[in-house]
Amino acid sequence: MKTAGRILGTAFFLAGFEVQDAPRYGAERRGAPIFAYVRASKRAINERGIIRRPDLVMVADDTLVAIPGAEVLSGVTAHTVLLISSSHRPEVWQERLNFPGLVLTLPAAPEVADLLALRFIGATCAGAGARLVGVISREALAQAIRDELAPLGEAVIAKNLEMALAAHDLMADHAGCVTEAQESPADTYVKPKWIDLPFDDARTSAPAIYTPATSERMPTGLWRTMRPVIDYDRCHRCAWICSTLCPDSTISINAEGYPRIDYEHCKGCLICMTSCPHHAIRATPEHEAA
Ligand code: SF4
Ligand code: SF4
């Protein structure tokens with residue numbers, strides 16, 4: 001999705017727009033939700049930061065919709081177009097989400113004959129998005145893909161072009177359905193639900209933790225797509241390695257010196273697996289492990 005944002009941003013730029021594009025994701029982890037956003041305008045863009053009221057939301061993985069932390073629907077309005085890669089029909093999502101705007105879908109995993117093609121979902125989303133905004137030609141889209149993926153070689157570029165242009169064509173009936181929302185006048189501004197923290201006197205300010213240990217209440221294990229599983233027959237009890245390197249401190253050591261993973265909080269980054277010198281940890285797809 002980071003690459004999708006870059007492709008779409010470059011395509012907008014080639015079409016004569018001012019552009020910002022940026023991804024948002026946490027560090028050192030696999031499997032956590034990420035998003036990327038693109039802001040484009042014919043005028044200079046002075047605003048910075050994430051987009052709070054998106055005109056178009058594209059969801060590459062429909063399982064994210066049910067995860068509150070992914071905030072897929074954050075800021076949507078009746079003006080927003082929602083495009084989901086999903087095997088369910090748009091009407092199903094429309095009803096399920098009670099979504100006020102237009103909902104469209106892209107063929108998802110079970111309908112994609114070659115599962116390897118899922119690697120190209122970013123290009124697919126960029127191609128679909130380019131058509132939905134209605135101001136990006138096939139040529140600009142293709143040039144953006146060539147520009148952004150140039151270091152990856154001709155074969156990768158060709159496959160991404162194929163996927164992006166197919167999605168661009170697939171959205172022909174909805175070309176231009178995404179339009180720029182009118183800016184809200186400043187006097188209608190509604191302050192976000194910030195939590196205001198009192199400002200401490202500079203002479204006394206110091207980290208003030210009023211409610212400690214709240215991270216324990218966050219089941220970050222939900223982020224995991226691959227589960228590290230310890231093979232205790234191979235484990236040499238050198239647990240200072242895996243337990244120390246786990247960035248979330250989710251590996252504890254039992255009385256016999258064996259490591260134990262807290263799956264409530266293991267986010268599946270697999271650093272433990274790659275650092276285990278005895279190859280005693282293997283990765284198992286979460287749905288199989290469950
Ligand atoms: S690093 Fe590997 S072998 Fe060592 S304790 Fe951890 S799982 Fe076992
Ligand atoms: S237990 Fe392994 S996979 Fe889980 S968070 Fe720690 S290092 Fe990452």
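Whatever order the structure lists them in is the order used to number ligands and atoms, beginning at 1. These values consider heavy atoms only, across backbone and side chains, with no hydrogens, waters or symmetry-generated copies.
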Basic-acidic side-chain contact under 4.0 Å: [X], [Y]:
{"X": "Arg39", "Y": "Asp21", "answer": "no"}
{"X": "Glu18", "Y": "Arg43", "answer": "no"}
{"X": "Arg282", "Y": "Asp231", "answer": "no"}
{"X": "Asp62", "Y": "Arg96", "answer": "no"}

[atom]: nearest protein contact (heavy atom, Å):
{"atom": "atom 6 (Fe) of ligand 1", "value": "Cys242 SG, 2.4 Å"}
{"atom": "atom 2 (Fe) of ligand 1", "value": "Cys276 SG, 2.3 Å"}
{"atom": "atom 8 (Fe) of ligand 1", "value": "Cys235 SG, 2.4 Å"}
{"atom": "atom 3 (S) of ligand 1", "value": "His236 N, 3.4 Å"}

Within 4.0 Å of some non-hydrogen atom of Ile251, the atoms of ligand 2 are 1 (S)

- After noting the C-alpha distance and the side-chain angles of Arg146 and Leu161, does the key distance pass the side-chain contact (heavy atoms from CB on, under 4.5 Å) rule? CA-CA 8 Å; Arg146 289 194 196 93; Leu161 277 173; 4.0 Å; yes

Counting only protein N, O or S atoms and ignoring waters, those under 2.8 Å from atom 8 (Fe) of ligand 2 are Cys269 SG

Show me which atoms of ligand 1 lie under 4.0 Å from any heavy atom of [X].
{"X": "Ala239", "result": "5 (S)"}
{"X": "Ile281", "result": "7 (S)"}
{"X": "His278", "result": "3 (S)"}
{"X": "Pro277", "result": "1 (S)"}

Tell me, with the steps shown, if Arg131 and Asp173 meet salt bridge (Lys or Arg N to Asp or Glu O under 4.0 Å).
CA-CA 9 Å; Arg131 194 65 181 268; Asp173 288 348; over 6 Å; no

Quick look: Ser275 vs ligand 1, heavy-atom contacts under 4.0 Å, and the answer is neither

Quick look: Cys238 vs ligand 1, heavy-atom contacts under 4.0 Å, and the answer is both

- Item | Main-chain N/O of Glu180 paired with Asp55 side-chain donor or acceptor, under 3.5 Å | no

Got a sec: does the CD of Glu216 have more than 12 other heavy atoms crowding it under 6.0 Å?
-> no

Fit a plane to each ring of His278 and His236, take the angle between them on a 0 to 90° scale, and name the class: parallel (under 30°), tilted (30 to 60°) or perpendicular (over 60°). parallel

Between side-chain atoms of residues 249-260 and protein atoms elsewhere (two or more places apart, or another chain), which donor-acceptor pairs fall under 3.5 Å?
| from | atom 1 | to | atom 2 | distance (Å) |
| --- | --- | --- | --- | --- |
| Asn254 | OD1 | Glu256 | N | 3.0 |
| Asn254 | OD1 | Gly257 | N | 3.1 |
| Asn254 | OD1 | Tyr258 | N | 2.9 |

Logged contact type for Leu245 with ligand 2, heavy-atom cut-off 4.0 Å, is neither

Check: What's the verdict on side chain to side chain donor-acceptor pair (under 3.5 Å) for Thr105 and Trp93, showing C-alpha distance, side-chain angles and the deciding distance?
Finding: CA-CA 9 Å; Thr105 53; Trp93 284 110; over 6 Å; no

Under 6.0 Å from the ring centre and within 45 degrees of the ring axis: does the NZ or CZ of Lys2 meet both conditions for the six-membered ring of Tyr25?
no

